[in-house]
Amino acid sequence: FGIVSFVTVAFFMAPLTALAGLVFFRVLRGLRLAQGRAIFYAFLLVLGTPLFFRSGYLNHNHVLGLAVFFAFVLLWRPDAPPAAPGPRHLLGAGALAGFAVLCDYSGLVPLAFLFCYGVLRLWQARAARDSRSRRCTAPGCSLRARRCRWPRCSPISGSRSEAPGVLLRR
């Protein structure tokens, strides 16, 4: 069992934790944190996690936490413009969340939160896209409202009530 644990730590856990440190550094820099502080926090994550987290929990829970962190970063993308996550990001986040559930059944809780967050991001992007289309249609709507200042004219059914024969009959 000693050789298996050494191979697991050296060729799986250590590179995965180092990748988490790099991703965490990029997230902090994307949030415009100073480079020195971002490096300090990334080193604290990489070096402090084995001391504090692995000593109290099993290693597969550490992998679960890293998979959830990577999935969240794929959905959040703090260094990208605020838009809906693309299909590749959604697929990657879903695969990582599924891997977290594969590591341990306790991954179902973050899976539910990641699902809700992904739906929220898609909903926010759709609302922003709809507001852009509303801004593009606003000039036409305002011209329509100005044109309907005639008496007995409605912005909804304006063309029927604006006909000269209709105005004369009333």
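In this view, Val101 and Leu108, Leu111 satisfy the side-chain contact (heavy atoms from CB on, under 4.5 Å) rule, not counting sequence neighbours. Looking at residues two or more places apart in sequence or on another chain, you find a side-chain contact (heavy atoms from CB on, under 4.5 Å) between Leu16 and Phe12, Val63, Leu66, Phe70. Residues forming a ring pair (Phe, Tyr, Trp, His ring centres under 6.0 Å) with Phe25 (at least two apart in sequence, or on another chain): none. For Phe43, the side-chain contact (heavy atoms from CB on, under 4.5 Å) partners two or more places apart in sequence, or in a different chain, are Ile39, Leu47. Every residue two or more places apart in sequence or in another chain that forms a side-chain contact (heavy atoms from CB on, under 4.5 Å) with Phe72 is listed here: Trp76, Leu114, Tyr117.
Contact detail for Ala100 and Ala67: the closest heavy-atom pair is CB-CB, 4.2 Å. Heavy atoms only, all atoms of each residue included: Gly21 and Ala42 are closest at O-CB, 3.6 Å.
Residues Leu64 and Ser106 are in side-chain contact: their nearest non-hydrogen atoms beyond the backbone lie under 4.5 Å apart. Contact check for Pro85 versus Leu74: no side-chain heavy atoms found under the 4.5 Å cut-off.
Separation of atoms CZ (Phe24) and CG (Leu44) is listed at 8.5 Å; rounding is to 0.5 Å. With rounding to the nearest 0.5 angstrom, the CH2 atom of Trp123 is 7.0 Å from the CG atom of Leu120.
Under a hydrophobic clustering in which Ile, Leu, Val, Met, Phe, Trp and Tyr are joined whenever their side-chain heavy atoms come within less than 4.5 Å, directly or via other members, Ile3 and Phe11 fall into the same cluster. Linking ILVMFWY residues whenever their side-chain heavy atoms come closer than 4.5 Å, directly or via other members, leaves Phe99 and Val109 in distinct clusters. Leu75 is not connected to Leu91 by any chain of hydrophobic side-chain contacts under 4.5 Å among Ile, Leu, Val, Met, Phe, Trp and Tyr, and they are in different clusters.
Residue Val23 forms a side-chain contact (heavy atoms from CB on, under 4.5 Å) with just one option from Leu28, Leu45, Val73, and that option is Val73.
Each side chain to side chain donor-acceptor pair (under 3.5 Å) pair with one or both residues in residues 28-39, not counting sequence neighbours, appears once here: Arg37-Tyr41.
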